2 protein chains.
Amino acid sequence: MEVVELTKILSEKGLKVTPQRIAVMDALVTMRNHPNTESVIDFVRKNHPYIAVGTVYKTLETFVDKGILKKVKTDNDVTRYDYEMCKHHHIYCEECDIIEDYVDEELDKLLNEYFKKKRIPKFDIKELKLHIIGNYKNHKPT
Amino acid sequence: MEVVELTKILSEKGLKVTPQRIAVMDALVTMRNHPNTESVIDFVRKNHPYIAVGTVYKTLETFVDKGILKKVKTDNDVTRYDYEMCKHHHIYCEECDIIEDYVDEELDKLLNEYFKKKRIPKFDIKELKLHIIGNYKNHKPT
DNA sequence: ATTGCTGCAAACTCTTTGCAAGTTC
DNA sequence: GAACTTGCAAAGAGTTTGCAGCAAT
């Protein structure tokens, strides 16, 4: 993504635009793999070799606070991040530990209509996220 | 739950029946709150004050390996455990950090039928888990 | 000039591990 | 008695924090 666009994302949220933040933003937008912090650090260091680990952690946390990123957890331990361009569900491949986006407006419509009829007592639904868990047949190379 | 029943669950999985394991099993079955390890330790220590932290971790991990428990992750950090008596989805209350079971066979049917028609290329679905995220209106006391 | 951000290293939290002693089957 | 489990304490991984110096607005 262009630096101009990345800059826009940051300044719209009232964040100062620094090279580190641009690099981290760029990593998330480019990778699209729901990377963990370590992968982000590796990616960023290609162009920005001396960025501090703590800075990346802080930056990612800031982005989550501002709603730019979402955290994603698997049952394996580390925190992964998701730059959510549009609403989506997640496909989890158990064997290869990949998380993929699953965009399906028809499914969203189905779910929304279902819960419009069938309410959960005293509960306001903000979001419905389906976890689709299974395995890819012919394993993608990681 | 009766000790006899807890014993049965353990021995059916080929695990040796020890007081520690019974205590941990009992905690999970009784609490039903998707507790984290710390809560399990607190609960177990009421009757079993000197159980070691490492033992609880190991025990929970063993139970997960044997399929007795499932791990549950929120976007806050710690691992929580779920004794899954029957297939269910989860309701996440953002304000009070509660995870509740949501059992709904009609929903399961709807989802299964949907994905019977609309397949995901090259992917075998093992499980569909809906995360229902939102807030309880009149906050339950924790 | 002000406010906010970065780098660094130390500290912290949660979890895992190795092993001797003890239990269960 | 063989195989497994526990307790303990130490180590490990991932993450957070405090602060002095620096950069963005």
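Quick caveat: nothing in here was measured; it's all calculated off a predicted structure. Chain letters run A, B, ... following the sequence lines, proteins first and then strands; every chain starts at 1.
The distance from atom CG of A:L10 to atom P of C:dT3 is 21 Å, rounded to the nearest whole Å. Between B:E61 atom CD and D:dC4 atom P there is a gap of 18 Å when expressed in whole angstrom units. In this structure, A:K13 atom NZ and C:dG4 atom P are separated by 18 Å, rounded to whole Å. Between B:D65 atom CG and C:dT16 atom P there is a gap of 10 Å when expressed in whole angstrom units. Per the geometry, CZ belonging to B:R21 stands 11 Å off P belonging to C:dT24, to the nearest Å. Nucleotide D:dG7 holds its C1' atom 10 Å from the CD1 atom of B:I51, rounded to whole Å. Taking atom CD1 of B:I41 as the reference point, atom P of D:dC8 lies 13 Å away to the nearest angstrom. We find that CD1 of B:I22 is positioned 14 Å from C1' of D:dT5, with the value rounded to whole Å.
Nearest to the side chain of A:P19, among D:dG14, D:dA24, D:dG7, sits D:dA24. Counting only heavy atoms from C-beta on, A:T37 has its side chain closest to D:dT15 among D:dT25, D:dT15, D:dT6. Between D:dT6, D:dG18, D:dT15, one nucleotide has an atom nearer to the side chain of A:K58 than all others, and that is D:dG18. Residue A:Y57 places its side chain closer to D:dT15 than to any other of C:dT16, D:dT15, D:dT5.
Not one N or O on the side chain of A:R80 forms a donor-acceptor pair closer than 3.5 Å with the backbone of A:P35.
For the 3.5 Å distance criterion, the side chains of B:H88 and B:D82 qualify, holding a donor opposite an acceptor. Counted by atom type alone, A:Y102 and A:D104 present one or more donor-acceptor pairs between their side chains at under 3.5 Å. Side-chain polar atoms of A:N36 and A:S39 form a donor-acceptor pair below 3.5 angstrom.
An OP1 or OP2 oxygen of C:dT15 is reached within less than 4.0 angstrom by a side-chain nitrogen or oxygen of B:T79. The side chain of B:Q20 contributes no N or O atom lying less than 4.0 Å from OP1 or OP2 of C:dT23.
A:M25 and A:V3 fall within a single hydrophobic cluster, where Ile, Leu, Val, Met, Phe, Trp and Tyr are joined by side-chain heavy atoms under 4.5 Å apart, directly or via other members.
The base of C:dT3 lies close enough to the side chain of A:K16 for a donor and an acceptor atom to sit less than 3.5 Å apart.
Position along DNA chain D of the nearest nucleotide to B:H48 versus A:L15 favours B:H48 as the more 5'-ward residue.
Counting non-hydrogen atoms under 4.0 angstrom, B:T18 reaches the backbone sugars and phosphates but no base. In this structure, B:T62 reaches neither bases nor backbone, as no heavy-atom distance under 4.0 Å exists between it and the strands shown.
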